[in-house]
Trainee: 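Submitted below is the structure of interest, expressed as structure tokens.
One-based numbering along the sequence shown.
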Amino acid sequence: MERLIMTASLGDNRINWIDWEKFIAIALVIPCHIPQERGAQPLTYFEVFLLQLIFFNSGYLKKFSYDWATRLKKYWHGLIIPYFIYNTLFYPYWLAKFYLTNNGMPTITEAIKPIVGVFFLQAETNISCGLNSVTYFLVILLILHLTLDICHHIKYGKWIMIGVCITGCLLYTFNKCNYFTRELVFVGLFKSIPFYYLGFLCKQHHVFEKVDFNKDLYCFLISLMFSITSFYYHATESNFALHMISFWPTVLFGILAFTFFCKLLDGIHSNIVVNYSNGTMAFIGLHWMIAGTIRYGILRPLFHVPSDYVYSSAEAYLLALVVTLILYPIILFFLKKCPWILGKRTNFANEA
């Protein structure tokens with residue numbers, strides 16, 4: 001099995017440092033989603049830029065099909081089907097969690113709300129609620145791909161795309177000011193579209209294409225220094241305007257530091273990393289369920305951990321490591337038996 005996947009995935013189309021970046025980034029998303037103590041900080045370092053980094057990678061790996069039929073078929077298999085699969089798999093867990101936390105099963109109305117929420121893109125309304133809310137990432141990625149596809153094939157499409165990016169920045173800033181929406185899809189889209197397009201432009205202009213350990217090390221140290229400095233300024237700045245202005249360079253420097261760090265790992269080829277990279281869809285769709293099962297199925301009955309327990313940072317990262325290890329055999333099984341669950345069919349090359 002390992003040899004089969006290595007042969008399929010270490011071909012000429014793979015970018016090794018992207019595999020490292022996809023794996024490490026998606027694994028670090030897990031502790032960001034685990035309730036943890038943050039001290040005086042309202043957010044952690046990785047939380048600021050990880051989502052945008054993942055979309056940056058998607059933009060960097062963006063490929064254009066020859067026709068719309070092929071393109072839409074790819075989105076159907078790669079994003080839409082997995083969205084419904086992982087929400088379907090999540091529903092029994094949602095029922096079990098509801099039963100354990102409420103000492104009883106939901107009413108018909110309560111049981112239907114998360115199902116409606118799947119079709120309402122995880123929106124919280126009077127008739128719907130989020131189910132596997134993390135899968136909103138797939139919805140955003142579909143919107144980003146379609147937007148870039150359209151702009152790529154129309155006159156002045158590049159300028160329109162730049163205008164869309166600027167609009168996203170403004171909408172995110174305005175939303176932080178008055179919270180006209182709290183829906184994950186819209187908020188995530190507003191703050192991620194500039195970095196998705198930036199990733200695409202970097203690939204088009206061959207940025208990051210050449211790997212040079214010494215230069216990458218120097219760039220990593222410089223960008224890490226700016227990233228940490230910018231993060232602490234952003235996290236502690238009380239003036240709203242300066243806080244929001246500092247958000248964008250904080251994300252940018254975080255992406256640069258992370259990218260140059262992963263380029264330093266380019267000389268290390270690992271089957272495990274490739275498999276994890278190919279299985280990032282499983283991280284998105286299953287990590288909440290696995291972490292929750294550990295909490296409600298093991299920690300709560302055996303160690304009497306309450307439902308509202310807040311983990312220490314060390315506990316959150318340890319739990320994330322356990323979830324990552326549990327996911328590996330699941331990913332191997334999916335790759336071998338049902339790659340369509342991972343949004344793939346037969347080609348395991350880097351994908352957005």
Trainee: Below 30° counts as parallel, above 60° as perpendicular, anything between as tilted: where do the rings of His287 and His33 land?
Mentor: parallel

Trainee: Consider only side-chain N and O atoms of Asp67 and Thr70, and report whether a donor and an acceptor are under 3.5 Å apart.
Mentor: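 Yes, side-chain donor-acceptor contact under 3.5 Å.
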
Trainee: Spell out, as yes or no, whether a donor-acceptor pair under 3.5 Å connects the side chain of Ser230 to the backbone of Ser227.
Mentor: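 Side chain of Ser230 to backbone of Ser227: no pair is present.
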
Trainee: What residues form a side-chain hydrogen bond (donor to acceptor under 3.5 Å, both in side chains) with His152, not counting sequence neighbours?
Mentor: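 If we apply the side-chain hydrogen bond (donor to acceptor under 3.5 Å, both in side chains) test to His152, skipping adjacent residues, there are no hits.
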
Trainee: In this structure, would Ile154 and Leu146 fall into the same cluster of hydrophobic residues linked by side-chain contacts under 4.5 Å?
Mentor: yes

Trainee: Between Phe283 and Tyr276, how do the two ring planes meet: parallel, tilted or perpendicular, split at 30° and 60°?
Mentor: tilted

Trainee: Mark yes or no for whether Ser128, through its side chain, and Glu124, through its backbone, hold a donor-acceptor pair below 3.5 Å.
Mentor: no

Trainee: Is it the case that the side chains of Gln52 and Ser192 hold a donor-acceptor pair, with the cut-off being a distance below 3.5 Å and no angle test?
Mentor: no

Trainee: Over 60° means perpendicular and under 30° means parallel, so classify the ring planes of Trp20 and Phe23, tilted if in between.
Mentor: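 Rings of Phe23 and Trp20: tilted, as their planes differ by 30° to 60°.
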
Trainee: Can you tell me if Asp266 uses its side chain to pair, donor with acceptor, with the backbone of Val211 under 3.5 Å?
Mentor: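 The answer is no, because no donor-acceptor pair under 3.5 Å joins these two groups.
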
Trainee: Can you check whether Val185's main-chain N or O pairs, donor with acceptor, with Glu183's side chain at less than 3.5 Å?
Mentor: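 No; judged by distance alone, with no hydrogens or angles, the pair does not exist.
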
Trainee: Count I, L, V, M, F, W, Y as connected when their side-chain heavy atoms are under 4.5 Å apart, and connections chain through other members. Are Ile143 and Phe64 then in the same cluster?
Mentor: yes

Trainee: Can you establish whether the number of heavy atoms outside Trp68 located under 6.0 Å from its atom CH2 is more than 12?
Mentor: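 Counting other residues, nucleotides and ligands, CH2 of Trp68 exceeds 12 neighbours.
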
Trainee: Between Lys62 and Asp149, does any side-chain N to carboxylate O distance fall below 4.0 Å?
Mentor: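 So Lys62 pairs with Asp149 through a salt bridge.
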
Trainee: Quick one: do Leu221 and Met225 end up in the same hydrophobic cluster if we chain Ile, Leu, Val, Met, Phe, Trp and Tyr together by side-chain heavy atoms under 4.5 Å apart?
Mentor: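 Both belong to a single hydrophobic cluster.
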
Trainee: Short question: side chain of Asn87, backbone of Asn132 - any donor-acceptor pair under 3.5 Å?
Mentor: yes

Trainee: Have Glu237 and Ser246 got a donor and an acceptor in their side chains that come within less than 3.5 Å?
Mentor: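 Judged by distance alone, the side chains do not pair up.
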
Trainee: Under a 4.5 Å cut-off applied to non-hydrogen side-chain atoms, are Val118 and Tyr83 in contact?
Mentor: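 The answer is yes, as the side chains (C-beta and beyond) meet within the 4.5 Å cut-off.
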
Trainee: When you look at OH of Tyr156, are more than 12 heavy atoms from neighbouring residues, nucleotides or ligands closer to it than 6.0 Å?
Mentor: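 Open.
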
Trainee: Please assess Phe186 against Asn175 for the test side-chain contact (heavy atoms from CB on, under 4.5 Å), listing each intermediate value before the final yes or no.
Mentor: CA-CA 10 Å; Phe186 295 111; Asn175 189 59; over 6 Å; no

Trainee: Are Trp340 and Ile330 connected, step by step, through hydrophobic side chains (Ile, Leu, Val, Met, Phe, Trp, Tyr) whose heavy atoms are closer than 4.5 Å?
Mentor: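 Yes, Trp340 connects to Ile330 through the hydrophobic network.
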
Trainee: Under 6.0 Å between the ring centres of Phe260 and Tyr218?
Mentor: no

Trainee: Are Ile298 and Val310 in one and the same hydrophobic cluster, where Ile, Leu, Val, Met, Phe, Trp and Tyr link if side-chain heavy atoms are under 4.5 Å apart?
Mentor: no

Trainee: Any donor and acceptor pair, going by atom type alone, linking the side chain of Gln122 with main-chain N or O of Leu131 inside 3.5 Å?
Mentor: yes

Trainee: Once the angle between the rings of Phe247 and Tyr172 is folded into 0 to 90°, is it parallel (under 30°), tilted (30 to 60°) or perpendicular (over 60°)?
Mentor: tilted

Trainee: Would you please test Tyr296 and Val305 for side-chain contact (heavy atoms from CB on, under 4.5 Å) and show each step?
Mentor: CA-CA 8 Å; Tyr296 296 105; Val305 173; over 6 Å; no

Trainee: Under the 3.5 angstrom rule, does the side chain of Lys97 hit a backbone N or O of Met289 as a donor-acceptor pair?
Mentor: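 No.
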
Trainee: Is it the case that over 12 heavy atoms from other parts of the model lie below 6.0 angstrom from the CG atom of Leu325?
Mentor: yes

Trainee: Under the 6.0 Å and 45° cation-pi test, does Arg300 pair with Phe303?
Mentor: no

Trainee: Report yes or no: does His243 contribute a side-chain atom to a donor-acceptor pair with the main-chain N or O of His234 at less than 3.5 Å?
Mentor: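 Side chain of His243 to backbone of His234, a donor-acceptor pair under 3.5 Å: yes, one is there.
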
Trainee: Using atom types as modelled and distance alone, determine if a side-chain donor or acceptor of Asn102 lies under 3.5 Å from a backbone N or O of Gly104.
Mentor: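 Judged by distance alone, no pair lies under 3.5 Å.
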
Trainee: Quick one: list whatever passes ring-ring contact (aromatic ring centres under 6.0 Å, His included) with Tyr60, sequence neighbours left out.
Mentor: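 Testing Tyr60 for ring-ring contact (aromatic ring centres under 6.0 Å, His included), a comparison that skips the adjacent residues, returns Trp17.
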
Trainee: Give a yes or no on this: more than 12 heavy atoms of other residues, nucleotides or ligands lie within 6.0 Å of atom OH of Tyr45.
Mentor: yes

Trainee: What about Phe119 and Phe84, are their ring centers closer than 6.0 Å?
Mentor: yes

Trainee: Just one of Phe195, Phe137, Phe190, Phe49 clears the ring-ring contact (aromatic ring centres under 6.0 Å, His included) bar with Phe55, so which one?
Mentor: Phe137

Trainee: Test side-chain contact (heavy atoms from CB on, under 4.5 Å) on Glu21 and Leu53; report intermediate values, then the result.
Mentor: CA-CA 9 Å; Glu21 189 158 75; Leu53 171 66; 3.8 Å; yes

